[in-house]
Amino acid sequence: MALTKADRNILRLMQQDATITLSELAEHVGLSPSSAQRRLQKLREDKVILRDVSIVDPKKVGGAVSMLVEVELERDRPELLPPFQRWVAETPEVQEAWGTSGRGDYTLVILAQSVDHFDALADRMMELNPNIRKFTTSVVLKTLKRGLVVPVE
């Protein structure tokens, strides 16, 4: 799908605040509300917009400790990957996960209620994934920036 200037403006605005009304959205991008609605629906149908979500302050709901976890697998055999990938997908504390180059095979962003909570989570991760050779954890001391905004040029 080729994105128009209006589509790109819609994407920028929706990433800032997905609760914007259609009238406000249309006014900002210079379209009629019905045209803005059609474009927005098309962006969703074409999976350019994957989801509309609310961003929750983790400290206000008990998720106070962020950690970066670098995971190194024992063997790089494709048949051993699905259990680990399934654990990552099914574990709500895993906020983000990337397959990476470098020392580790995967890097995870984990949000835990406490260090004890993370310790139990790490024990479960190792128990359910015997192909993990080792993992290294860095505790996040300060968040300088957090976001999911994709630059739309």
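- Heavy-atom minimum distance, Val140 versus Leu68: CG2-CG, 4.2 Å.
- In this structure, the side chains of Phe118 and Gln113 stay at 4.5 Å or more apart for every pair of heavy atoms.
- Distance alone, capped at 3.5 Å, is enough to place a donor-acceptor pair between the Arg8 side chain and the Glu153 backbone.
- Remark: Glu72 CD to Lys134 NZ distance equals 5.0 Å, nearest 0.5 Å.
- Side-chain contact between Asn9 and Arg12 is present, with at least one heavy-atom pair separated by less than 4.5 Å.
- Using a 4.5 Å heavy-atom cutoff, the side chains of Ile132 and Glu74 are not in contact.
- Across all their heavy atoms, Val88 and Ala97 have their closest contact at CG1-CB, 3.5 Å.
- The closest side-chain heavy-atom distance from Leu40 to Arg44 is below 4.5 Å.
- To the nearest 0.5 Å, atoms CD (Glu96) and CG (Leu111) are separated by 11.0 Å.
- Using a 4.5 Å heavy-atom threshold, the side chains of Arg146 and Pro58 count as touching.
- The backbone N or O of Leu73 lies less than 3.5 Å from no partner atom in the side chain of Asn131, so there is not a single donor-acceptor pair.
- In this structure, the side chain of Asp17 engages the main chain of Thr19 through a donor-acceptor pair within 3.5 Å.
- Residues Leu43 and Leu3 meet the side-chain proximity criterion, which asks for heavy atoms closer than 4.5 Å.
- Between the side chains of Arg124 and Thr91, no donor-acceptor pair is found at a separation under 3.5 Å.
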### Message
Could you go through Thr137 and Met67, starting from their C-alpha distance and side-chain angles, then the distance that decides it, and tell me whether this counts as side-chain contact (heavy atoms from CB on, under 4.5 Å)?
### Response
CA-CA 7 Å; Thr137 304; Met67 304 191 183; 3.7 Å; yes
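- Formation of a donor-acceptor pair under 3.5 Å by the Asn129 side chain with backbone atoms of Met125 is found in this model.
- Taking the charged nitrogens against the carboxylate oxygens, Arg103 and Glu70 do have a contact shorter than 4.0 Å, which makes a salt bridge.
- Each of Val109, Val69, Ile110 was scored for a side chain to side chain contact (heavy atoms under 4.5 Å, CB included) with Val94, with one residue passing: Ile110.
- Proximity of a side-chain donor or acceptor of Gln37 to a complementary backbone N or O of Leu22 within less than 3.5 Å is not detected.
- In terms of heavy-atom proximity, Ser114 sits nearest to Val65 at CA-CG2, 3.9 Å.
- Of all heavy-atom pairs spanning Ile10 and Arg39, the tightest one is CD1-CB, 3.7 Å.
- Once rounded to the nearest 0.5 Å, the distance linking CG of Leu25 with NE2 of His28 reads 8.0 Å.
- The shortest distance between side-chain heavy atoms of Leu108 and Trp98 does not fall below 4.5 Å.
- Contact check on Lys42 versus Asp7 returns no salt bridge, with no Lys/Arg side-chain nitrogen under 4.0 Å from an Asp/Glu carboxylate oxygen.
- Pro92 and Gln95 make their closest contact through O-NE2, 3.1 Å (heavy atoms, listed as atom of the first residue, atom of the second, distance).
- The shortest distance between side-chain heavy atoms of Val152 and Gln15 falls below 4.5 Å.
- One distance of note links CZ of Arg38 with CG of Leu31; it measures 9.0 Å at 0.5 Å rounding.
- Residues Phe84 and Tyr106 place their aromatic rings such that the two centres sit under 6.0 Å apart.
- For Asp46 (side chain) and Val48 (main-chain N/O), no donor-acceptor pair under 3.5 Å exists by modelled atom type.
- Around atom CD of Glu27, no more than 12 heavy atoms belonging to other residues, nucleotides or ligands sit under 6.0 Å away.
- In this structure, the side chain to side chain donor-acceptor pair (under 3.5 Å) partners of Glu24, at least two apart in sequence or on a different chain, are Thr21.
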